[in-house]
There are 2 protein chains.
Amino acid sequence: MAYRRTDNVAARLADNRRAILNAARDLVSEGGFAAAQMTEVARKAGVATGTLYRYFPSKEELCRQVFREVSAREMNVLASIAAGKASAATRLTEVLYTFAGRAVRGRRLAYALLAEPVDVGLAEERARFRRMHGDIFAGILADGVAAGEFPPLDVRIAAACIAGAIPTALIGPLAPESHELEEKGERVIEEIVRFCLAGVEGAGAKTIGDMRRSA
Amino acid sequence: MAYRRTDNVAARLADNRRAILNAARDLVSEGGFAAAQMTEVARKAGVATGTLYRYFPSKEELCRQVFREVSAREMNVLASIAAGKASAATRLTEVLYTFAGRAVRGRRLAYALLAEPVDVGLAEERARFRRMHGDIFAGILADGVAAGEFPPLDVRIAAACIAGAIPTALIGPLAPESHELEEKGERVIEEIVRFCLAGVEGAGAKTIGDMRRSA
DNA sequence: GGAGGTACTGAACCACGGTTCAGATCGAAT
DNA sequence: ATTCGATCTGAACCGTGGTTCAGTACCTCC
């Protein structure tokens with residue numbers, strides 16, 4: 001009488017779900033989220049349009065899921081560096097190089113995650129992503145301050161500055177068409193990292209506010 | 001026989017154009033570009049929907065125009081500081097404080113210009129806006145390097161870092177609902193400026209790339 | 001004042017792309 | 001083999017909001 005969900009079927013369902021997510025992910029990493037239209041995703045996943053809605057309640061939810069999976073991979077890479085036991089300065093340097101380097105090597109995907117115009121739902125997801133970057137940076141900074149490696153500073157704000165500086169400085173070069181980075185990529189990355197490290201380490205002077213107030 | 005466009009009429013046309021732009025601008029500074037729907041703009045400007053299309057070929061063009069006008073005002077403020085004859089360090093400090101300060105005081109508008117999710121057309125305009133910021137920062141930095149006030153650095157990249165760090169660090173607080181900044185605004189701004197100045201001034205060490213290569 | 005052109009109106013139109021759903025298909029249980 | 005629910009299909013549907021355009025009012029000039 002009743003109907004039991006066989007392992008076989010369960011597996012096929014899982015496969016479908018994966019196929020859909022993979023199709024969406026592939027489209028995104030080729031043409032950004034703009035290219036992830038439901039019809040296209042379905043075609044590429046080898047299912048009918050309607051089927052998508054048996055696995056995801058809406059396009060927004062599907063895209064969010066893709067965003068989370070892709071960004072989680074990035075975050076894990078950074079998090080494992082951050083969790084290492086090298087000095088804070090070393091870990092920070094490593095994290096910055098890795099962040100920037102991966103963005104450059106995966107231009108298209110990085111553009112989709114960081115800069116492509118997206119609708120509010122994804123913008124929310126992107127904000128979360130940025131916040132996670134901030135958390136990682138802030139963690140390292142806090143270690144460094146505690147260990148006396150860095151001068152005292154507001155780690156949350158400094159972390160946010162870093163999280164903003166890197167993508168923006170890469171964006172021109174990050175744009176989907178630009179091949180600029182293939183040549184001077186390393187050069188650019190080094191300069192960006194340099195700026196961020198200096199921003200952290202040169203926190204000594206309390207003179208700025210004063211300088212200004214007396215201006 | 002022929003028809004001549006009287007001064008009277010010309011004035012009325014100009015008035016209409018202004019009324020439309022003003023209506024759009026007001027809507028944007030209240031609810032972001034999302035709130036600038038053609039029907040609303042027309043209503044607020046006191047004209048019919050169709051009339052909008054006698055003055056602007058499309059919504060995109062209208063919005064771009066609004067964006068340009070609003071951002072031009074900001075740019076002028078910064079540009080006039082940058083053109084001053086104080087030391088580069090002073091001018092940079094002034095510009096950063098002004099940029100961040102104005103963003104904080106005009107939260108909603110700043111959000112629309114810098115962070116609100118928008119479609120590709122406006123994103124393009126926003127990129128231009130960022131680039132102009134970069135140009136201003138870069139100009140000051142170049143002066144400073146030439147004068148020996150700052151260590152040698154790639155001014156374009158450093159400028160891009162600054163242009164990215166400020167908005168991102170303000171964004172959480174900049175979000176339309178957040179009132180966080182009303183209290184700690186000054187505090188946050190000082191820390192951001194500090195970070196950027198340090199990033200510029202602490203450019204001495206050529207050690208970073210080396211440190212990494214030997215890691 | 002009327003001829004000939006310009007400007008304005010706003011309801012109807014339309015494109016786009018996400019979403020639905022009645023019917024076909026498939027798998028499990030008997 | 002048959003039943004029955006779960007799953008899949010894809011063409012049709014629909015909401016949104018920008019855009020159009022036939023009709024009207026308005027100017028200018030003679």
Side-chain angles (χ1 to χ4, degrees), chain A residues 1-21 23-24 27-28 31-67 116-123, chain B residues 1-21 23-24 27-28 31-67 116-123:
Chain A
M1 19 71 135
Y3 176 91
R4 190 173 57 89
R5 180 173 288 184
T6 298
D7 286 0
N8 231 338
V9 174
R12 186 166 49 78
L13 292 190
D15 282 0
N16 269 355
R17 194 185 158 85
R18 262 269 62 81
I20 292 170
L21 282 167
L27 285 170
V28 168
F33 283 95
Q37 302 178 190
M38 295 307 257
T39 324
E40 274 306 286
V41 173
R43 205 186 48 65
K44 192 148 188 167
V47 300
T49 335
T51 304
L52 299 182
Y53 289 85
R54 295 194 58 76
Y55 293 86
F56 301 92
S58 68
K59 174 189 170 143
E60 174 172 337
E61 217 39 59
L62 168 57
C63 284
R64 278 181 182 245
Q65 190 61 35
V66 169
F67 194 105
E116 183 192 358
V118 294
D119 62 26
V120 286
L122 282 185
Chain B
M1 19 87 142
Y3 175 90
R4 190 175 55 89
R5 180 173 288 183
T6 299
D7 287 0
N8 230 338
V9 174
R12 185 165 48 78
L13 292 190
D15 282 359
N16 270 355
R17 196 186 159 84
R18 263 268 62 80
I20 292 170
L21 282 167
L27 284 170
V28 169
F33 283 96
Q37 302 178 190
M38 296 306 256
T39 324
E40 274 306 286
V41 173
R43 205 186 47 68
K44 191 147 190 169
V47 300
T49 335
T51 304
L52 299 183
Y53 289 84
R54 296 195 58 77
Y55 291 87
F56 302 91
S58 67
K59 173 188 170 143
E60 174 173 336
E61 218 39 59
L62 168 57
C63 283
R64 278 180 181 246
Q65 190 60 37
V66 170
F67 194 105
E116 183 192 358
V118 294
D119 62 25
V120 287
L122 282 185

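Labels below follow one simple rule: chain letters A, B, ... track the order of the sequence lines, proteins then strands, and each chain is numbered from 1.
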Taking all heavy atoms of [X] and all of [Y], pick out the closest pair and write down the distance.
X	Y	result
A:E116	A:F33	OE1-N, 2.8 Å
B:R64	B:G121	NH2-O, 3.3 Å
A:M38	A:L62	SD-CD2, 4.1 Å

Given atom [atom1] of [X] and atom [atom2] of [N], what is their separation to the nearest angstrom?
X	N	atom1	atom2	result
A:L52	C:dG18	CG	P	10 Å
A:E40	C:dG17	CD	C1'	12 Å
B:N16	C:dT9	CG	C1'	13 Å
B:D119	D:dG17	CG	C1'	13 Å
A:Y53	C:dT20	OH	P	7 Å
A:R54	C:dG23	CZ	P	17 Å
B:I20	C:dA7	CD1	P	13 Å

Quiz prompt | side chain to side chain contact (heavy atoms under 4.5 Å, CB included) partner of B:V41, the single match among B:V66, B:V47, B:L52 | solution =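 Option passing the side chain to side chain contact (heavy atoms under 4.5 Å, CB included) with B:V41: B:L52.
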
Quiz item: How is B:L13 classified with respect to the nucleic acid when contacts are heavy atoms under 4.0 Å: base, sugar-phosphate, or nothing?
Solution: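 Sugar-phosphate, no base atom in range.
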
Quiz item: Reckon A:F56 touches a base, only the sugar-phosphate, or nothing at all at heavy-atom distances under 4.0 Å?
Solution: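 No contact.
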
Nearest-nucleotide pick for [X], side chain only, options being [options]:
X	options	answer
A:T51	C:dG18, D:dC8, D:dT20	D:dC8
A:S58	D:dT7, D:dT19, C:dT19	C:dT19
B:M38	D:dT19, D:dC8, C:dG18	D:dT19
A:T49	D:dG10, C:dG18, D:dT7	D:dG10
B:A48	C:dG27, D:dG10, C:dT9	C:dT9
B:K59	C:dG17, D:dT9, D:dT19	D:dT19
A:R12	D:dT9, C:dT19, D:dC8	D:dC8

Quiz item: Do any side-chain nitrogens or oxygens of B:Y55 fall under 4.0 Å of OP1 or OP2 in C:dA7?
Solution: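 Indeed not, no polar side-chain atom of B:Y55 lies that close.
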
Practice problem: Would you mind reporting whether B:P117 and A:D119 have side-chain heavy atoms less than 4.5 Å apart? | Solution: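 The answer is no; the side chains never approach within 4.5 Å.
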
